[in-house]
Amino acid sequence: AAALRKTFEAGTTKPLKWRLEQLDALEHLLREREADIVEALRQDLRKPANESYGAEIGMNLTDIAYTKKRLAGWMKPERVPTALIAQPGRSVIVREPLGVVMIIAPWNYPFQLCVLPLIGALAAGNCALVKPSEVSTATSALVAEWFPKYLDRSAVQVMEGGVPETTALLREKWDHIFYTGNGTVARIVMEAAAKHLTPVTLELGGKSPCIVDETADLDAAAKRIVFGKFYNAGQTCVAPDYVLVQDSVHDALVNRMVSTIREFYGDEPQRSPDFGRIINERHHARLTRLLDGANVVTGGETDAADRYIAPTIVRDVSPSDPMMQEEIFGPILPVIAVPSVEAAITQVNRGPKPLALYVFSRSKTNQHRVISTTSAGGSTINHVWMHVGVPSLPFGGVGESGMGAYHGKYSFDTFSHRRAVLRKPNLSEPPIVYPPYAPWKLKWLKRMI
Ligand code: NAD
């Protein structure tokens with residue numbers, strides 16, 4: 001971090017020109033290295049090219065284009081009104097970079113989650129150290145190889161490694177730590193950050209519910225839920241973790257989801273080029289255990305040698321089942337029948353605040369009821385995780401699903417300090433604020449506030 005700090009202190013990263021150059025460089029990397037990125041993700045997760053392009057290249061390109069277009073405007077000092085007591089004067093908010101930041105990424109979208117926070121860090125004029133996940137080895141190596149070839153090496157560094165390396169990095173002083181991953185490690189990160197009073201953004205996960213009521217368009221719901229759940233073989237922080245469906249349409253929804261799985265991945269999903277694999281043996285074993293004794297409607301097959309778990313739907317799940325105790329983070333979808341939307345809401349509100357919550361309903365009343373009586377990082381109504389791709393919406397969790405947010409302007413804000421600046425003229429002023437105090441001065445003071 002010492003070299004990065006030197007660069008930051010030299011002021012290299014502050015000009016708009018430098019920031020735009022770095023964003024251009026990232027864009028070139030994404031466009032010119034597309035094939036390498038897709039290949040690394042195939043090695044790590046057998047990620048289909050369409051999913052790699054959509055989530056790990058396209059989304060970054062969208063954010064870069066959005067940021068480049070607006071960055072000059074975001075950087076301008078923002079005029080705000082000046083209170084009477086401070087008159088005459090002019091008040092502005094100046095956005096200044098935080099300094100040297102650390103970005104720690106997980107393995108499930110291992111490339112996107114290195115790049116997307118970095119866009120914000122660079123746009124805001126910071127130096128950054130990026131620590132990719134050691135679990136997704138091919139992508140980690142790719143990031144370590146290509147970032148230095150495209151980006152200003154004096155301002156962006158990549159450090160590969162696992163727990164010991166990250167633990168050592170966390171001992172250093174950073175001006176911000178941006179962590180994406182699980183809640184257990186997030187607590188370790190926050191504790192380490194506390195020692196230096198370093199602010200943190202924590203992008204975490206949890207069990208994101210999906211509520212389907214009896215007015216929902218079941219064909220659309222089935223297609224969209226299956227797509228959102230089995231994308232990246234279920235290893236998506238905003239995947240619908242489980243479905244709460246009104247009992248009158250439970251069977252109809254389940255049947256449609258079963259046929260959608262066949263339509264998407266064929267009779268043998270293991271042979272489908274469009275269905276990914278579980279990241280490693282440990283997670284494969286964990287998911288296989290969750291299937292013990294489950295009432296499987298479709299799927300359920302596992303193949304450890306191929307790290308394959310079939311797209312699986314499970315019914316008759318009770319809230320006390322192991323698969324309802326932890327984030328599933330794999331291609332297993334429990335479907336739970338509930339008598340009403342209120343019952344679904346009650347069940348959701350018993351758990352921690354999720355990263356995402358989805359509601360499928362044609363009833364505006366029910367849509368509104370779900371949104372206004374629950375809390376979640378974000379929501380899409382009548383679809384899954386589409387809100388994440390809208391750069392004008394903040395992306396982040398609440399409660400146990402995380403703190404802070406990013407994407408587009410929110411990334412710039414996350415990596416900027418809003419500095420308050422009041423400029424006063426040297427005019428002579430009425431002496432009411434200065435000693436010696438007097439009752440008439442107090443009277444005037446009270447009038448002005
Ligand atoms: P992971 O195991 O790759 O860990 C994430 C990072 O933490 C890695 O870089 C790893 O090296 C580091 N790490 C692990 N143990 C550490 C320790 N003891 N000390 C310091 N650093 C340590 O990934 P994961 O945590 O299994 O990721 C999956 C989780 O991430 C899920 O809960 C998922 O919902 C969540 N997630 C959230 C988002 C989001 O944007 N909110 C996105 C993707 C994943």
Side-chain angles (χ1 to χ4, degrees), residues 180 182-183 186 201-218 220-222 224-229 231 234 236-250 253 257 314-315 317-321 323-329 332-390 392-407 410:
T180 306
N182 66 74
T201 301
L202 302 175
E203 296 283 343
L204 314 178
K207 292 185 83 62
S208 296
C210 180
I211 299 174
V212 182
D213 80 2
E214 59 190 3
T215 72
D217 177 335
L218 295 180
R224 293 167 182 189
I225 295 169
V226 164
F227 169 68
K229 178 69 183 190
Y231 197 87
T236 303
C237 55
V238 284
D241 186 89
Y242 62 99
V243 174
L244 296 170
V245 55
Q246 220 169 335
D247 42 22
S248 53
V249 293
H250 171 277
L253 179 73
M257 291 199 294
V314 177
R315 57 175 293 164
V317 179
S318 98
S320 59
D321 285 353
M323 75 173 70
M324 291 306 289
Q325 307 306 310
E326 56 174 282
E327 180 180 2
I328 294 171
F329 222 54
I332 303 171
L333 182 65
V335 181
I336 299 167
V338 288
S340 61
V341 170
E342 285 70 25
I345 291 170
T346 306
Q347 179 155 344
V348 167
N349 287 341
R350 255 187 236 127
K353 294 178 181 178
L355 181 60
L357 184 151
Y358 307 113
V359 50
F360 287 83
S361 171
R362 283 200 181 94
S363 152
K364 287 254 165 67
T365 315
N366 281 352
Q367 293 172 4
H368 178 74
R369 186 174 302 158
V370 170
I371 299 294
S372 61
T373 59
T374 60
S375 178
S379 283
T380 295
I381 297 168
N382 288 328
H383 214 309
V384 293
W385 45 252
M386 291 293 160
H387 63 283
V388 179
V390 180
S392 43
L393 286 173
F395 176 68
V398 56
E400 284 193 33
S401 54
M403 62 181 72
Y406 74 127
H407 290 189
Y410 306 99

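For the single chain, residues carry numbers from 1 onward in sequence order.
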- Message: Can you list everything that forms a salt bridge (charged side-chain N to carboxylate O under 4.0 Å, His left out) with K229? Sequence neighbours excluded, please.
- Response: none

- For R315, check salt bridge (charged side-chain N to carboxylate O under 4.0 Å, His left out) against everything at least two apart and list the hits. D251

- Note on the structure: Hits for side chain to side chain contact (heavy atoms under 4.5 Å, CB included) against I381, two or more places apart or cross-chain, chain-then-number order -> V359, Q367, I371

- Item | Pair listing, ring-ring contact (aromatic ring centres under 6.0 Å, His included) test, anchored in residues 342-372, at least two apart | none

- Query: Can you list every pair that meets salt bridge (charged side-chain N to carboxylate O under 4.0 Å, His left out) and has a residue in residues 367-388, with sequence neighbours left out?
  - Reply: E342-R369

- Task: Kindly indicate whether the side chain of R224, heavy atoms from C-beta on, has any atom under 4.5 Å from the side chain of T380.
- Result: no

- Task: Please collect all ring-ring contact (aromatic ring centres under 6.0 Å, His included) contacts where either partner lies in residues 369-390, sequence neighbours excluded, each pair once.
- Result: F227-W385, Y231-W385

- With S363, which residues qualify under side chain to side chain contact (heavy atoms under 4.5 Å, CB included), at least two apart? D213, T215, S361, T365, N366

- Message: Could you work out, with salt bridge (charged side-chain N to carboxylate O under 4.0 Å, His left out) as the rule, every residue matching D241, not counting sequence neighbours?
- Response: K207

- Does any N or O in the side chain of E214 come within less than 3.5 Å of the main-chain N or O of Q246, such that one atom is a donor and the other an acceptor? no

When the side chains of residues 394-401 are checked against the rest of the protein, which donor-acceptor pairs come out under 3.5 Å, sequence neighbours left out?
unit_1 : atom_1 : unit_2 : atom_2 : d
S401   : OG     : K353   : O      : 3.2
S401   : OG     : P354   : O      : 3.2
S401   : OG     : V398   : N      : 2.9
S401   : OG     : V398   : O      : 2.8

- Quick one: closest heavy-atom pair of C237 and L204, and the distance? CB-O, 4.4 Å

- Sequence-distant partners of D217, salt bridge (charged side-chain N to carboxylate O under 4.0 Å, His left out), two or more places apart: R362

- Residue from L253, V317, V338 passing side chain to side chain contact (heavy atoms under 4.5 Å, CB included) with V243: L253

- Item | Considering all heavy atoms, the nearest M386-V390 contact | O-CG2, 3.7 Å

- Note on the structure: Heavy atoms of H250 and A337 approach each other most closely as CD2-CB, 3.9 Å

- Can you find a heavy atom in the side chain of L218 that is under 4.5 Å from one in the side chain of V212? yes

- Query: Which residues pass the side-chain hydrogen bond (donor to acceptor under 3.5 Å, both in side chains) test with S392, sequence neighbours left out?
  - Reply: none

- Task: Could you walk me through whether M324 and I336 pass side-chain contact (heavy atoms from CB on, under 4.5 Å), step by step?
- Result: CA-CA 10 Å; M324 291 306 289; I336 299 167; 3.6 Å; yes

- Item | Closest non-hydrogen atom pair, C210 against I225 | SG-CD1, 3.7 Å

- Message: Any side-chain to backbone donor/acceptor pair from H407 onto L393? Under 3.5 Å, distance only.
- Response: no

- Can you name the residues that form a side chain to side chain contact (heavy atoms under 4.5 Å, CB included) with S320, not counting sequence neighbours? S318

- Does the side chain of I328 come within less than 4.5 Å of P334's, by heavy atoms? yes

- Query: How many angstroms lie between CG in N182 and CZ in F329, if you round to the nearest 0.5 Å?
  - Reply: 9.0 Å

- Minimum heavy-atom distance between P240 and L333, given as atom pair plus value: O-CD1, 3.9 Å

- Taking all atoms of both residues into account, what is the closest heavy-atom pair of N349 and T373, and its distance? ND2-O, 2.8 Å

